[in-house]
Amino acid sequence: SHTADARRHLDNRGYVGPLTRGVNPATLFEKPVVDRIIESYYWKEQCFGLNEASLCDRAVELTSVGGVYGGGSLGKASPFLCLAFKLLTLAPDRAVVEAYLNWGAEDGDYEDEDEEAAMDEDGGAGPREKNARRGRGADREPDPHEPPRRAGAFKYVRALAAFYVRVAWDAVDVYRTLEPLLGDWRKLRRRTRAGFVLTTVDQFVDDLLTKERVCATTLWKLPQRSLLEDLDLLEPRVSPLGEELEALDADLEGGEG
């Protein structure tokens, strides 16, 4: 069964698959979280037999990020968390993950940014959101306030890949890969135990870089960026607002003078 197959990945005895940061990738999630995942309906019905290509098709259908939801002491694993675990078991090549981060950049589709209006009264995907999933935005003109097309049309695929990068890659690659995403301000729905809340891609990525626990997952401790800079492993980060801040400082100094 699919559940048995998932448990096989968790058994380190005789494990000969690819390693992630030196360990079986399926063990990077805490056991209670994995138990919720492999017992969930979504895992059993939607994640069976997925490969790197078909998983992306599932990720395109995501309507929120999040870890566990619902009442009770345990809660239920979200589809986002189930796909993240499946991605860990697949251990895709770096090129595949980078393709996920920019999936749809060559397409004509544009993601609907009006998440709040797309939510129904319960916080889930509203009728407009559900009806717009196929052929989304085929006749829609690009909004000049949207991120550049290199951001990729499918923001939840990008969020899933970013989460995987934070869990599975080493520190230098995490910073190099995730920091450019801090310029992506598109809205996301985050599913929590209490319901849905709005966030943005850049805020989600910032949480991955700064918080110890995201989406019901305890993240491995990321070293300070300044330490990696001192070791000459990273170049100093240049803020996109650097020129504006310098101009503001110059105005303040001019006013004081």
Side-chain angles (χ1 to χ4, degrees), residues 42-43 46-47 50-67 78-88 90 92-120 123-169 177-191 196-208 214-215:
Y42 185 89
W43 172 264
Q46 303 296 326
C47 296
L50 291 182
N51 56 31
E52 295 166 350
S54 56
L55 185 143
C56 193
D57 293 335
R58 286 282 184 270
V60 167
E61 300 170 354
L62 288 172
T63 60
S64 63
V65 300
S78 68
F80 181 89
L81 195 60
C82 291
L83 290 179
F85 180 69
K86 186 65 178 182
L87 197 56
L88 277 175
L90 292 174
D93 292 338
R94 184 178 301 268
V96 174
V97 178
E98 291 173 350
Y100 283 3
L101 288 169
N102 301 286
W103 192 266
E106 296 81 17
D107 295 343
D109 291 345
Y110 279 80
E111 194 75 12
D112 189 347
E113 293 301 311
D114 194 0
E115 293 281 5
E116 191 168 10
M119 283 174 145
D120 62 18
R128 190 187 69 185
E129 171 74 10
K130 295 172 182 176
N131 293 335
R133 289 206 173 279
R134 293 186 177 178
R136 184 195 300 270
D139 301 323
R140 177 180 167 190
E141 292 295 328
D143 188 332
H145 298 293
E146 287 182 342
R149 289 303 301 130
R150 59 183 172 79
F154 301 109
K155 55 194 176 183
Y156 288 105
V157 180
R158 164 168 279 198
L160 180 67
F163 183 72
Y164 174 82
V165 168
R166 177 62 179 87
V167 172
W169 287 11
T177 305
L178 297 190
E179 283 181 342
L181 307 187
L182 293 172
D184 188 343
W185 56 85
R186 290 175 294 178
K187 293 178 182 178
L188 296 173
R189 282 187 291 265
R190 183 193 291 269
R191 192 170 197 174
F196 290 86
V197 295
L198 282 174
T199 186
T200 55
V201 175
D202 62 315
Q203 182 59 58
F204 180 69
V205 171
D206 185 70
D207 289 346
L208 292 174
V214 177
C215 294

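Since the structure is predicted, the reported quantities are computational estimates derived from the model, not experimental observations.
- Not counting sequence neighbours, the partners of N51 by the side chain to side chain donor-acceptor pair (under 3.5 Å) test are S54.
- Between R158 and D184 there is a salt bridge, since at least one side-chain N of the basic residue sits less than 4.0 Å from a carboxylate O of the acidic one.
- Every side-chain contact (heavy atoms from CB on, under 4.5 Å) that A84 has, sequence neighbours left out, goes to F29, L160, F163.
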- Verdict with reasoning, F154 to L62, per side chain to side chain contact (heavy atoms under 4.5 Å, CB included): CA-CA 9 Å; F154 301 109; L62 288 172; over 6 Å; no

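- Taking the side chain to side chain donor-acceptor pair (under 3.5 Å) definition, one finds that E98 meets it with nothing, sequence neighbours left out.
- With rounding to the nearest 0.5 Å, the separation of CG in L90 from CG in L50 is 7.5 Å.
- In plain terms, the two heavy atoms of P92 and V97 that are nearest each other are CG-CG2, 3.7 Å.
- The OG1 atom of T177 lies 11.5 Å from the OH atom of Y164; values are rounded to the nearest 0.5 Å.
- Listed for the S78 side chain is a donor-acceptor partner under 3.5 Å among the backbone atoms of G67.
- Counting all heavy atoms, side chain and backbone alike, K86 lies closest to L55 at CG-CD1, 3.6 Å.
- The backbone N or O of L83 sits nowhere less than 3.5 Å from a side-chain atom of R58 that would complete a donor-acceptor pair.
- The ring pair (Phe, Tyr, Trp, His ring centres under 6.0 Å) search around Y100 returns none, not counting sequence neighbours.
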Just list the side-chain donor-acceptor pairs under 3.5 Å for residues 198-205, sequence neighbours left out, or say none.
{"unit_1": "T200", "atom_1": "OG1", "unit_2": "D202", "atom_2": "OD1", "d": "2.5"}
{"unit_1": "T200", "atom_1": "OG1", "unit_2": "Q203", "atom_2": "N", "d": "3.3"}
{"unit_1": "Q203", "atom_1": "NE2", "unit_2": "D207", "atom_2": "OD1", "d": "2.9"}

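- Between the K155 side chain and the R186 main chain, no donor and acceptor come within less than 3.5 Å of each other.
- Residues L101 and L181 meet the side-chain proximity criterion, which asks for heavy atoms closer than 4.5 Å.
- Summarising the geometry, atom CZ belonging to F196 is positioned 12.5 Å from atom CG belonging to L188; distances are rounded to the nearest 0.5 Å.
- For the atom pair CZ of R189 and CZ of F80, the computed distance is 13.5 Å after rounding to the nearest 0.5 Å.
- Between Y156 and E61, the closest side-chain pair of non-hydrogen atoms is not below 4.5 Å.
- Closest of all the heavy-atom pairs between A168 and L88 is CB-CD2, 4.2 Å.
- Note that SG of C47 and OH of Y42 are 5.5 Å apart. Values are rounded to the nearest 0.5 Å.
- What you find for D93 and E52 is that their closest heavy atoms are N-OE2, 4.0 Å.
- Every residue was checked against the side chain to side chain donor-acceptor pair (under 3.5 Å) condition with R166, not counting sequence neighbours, and none meets it.
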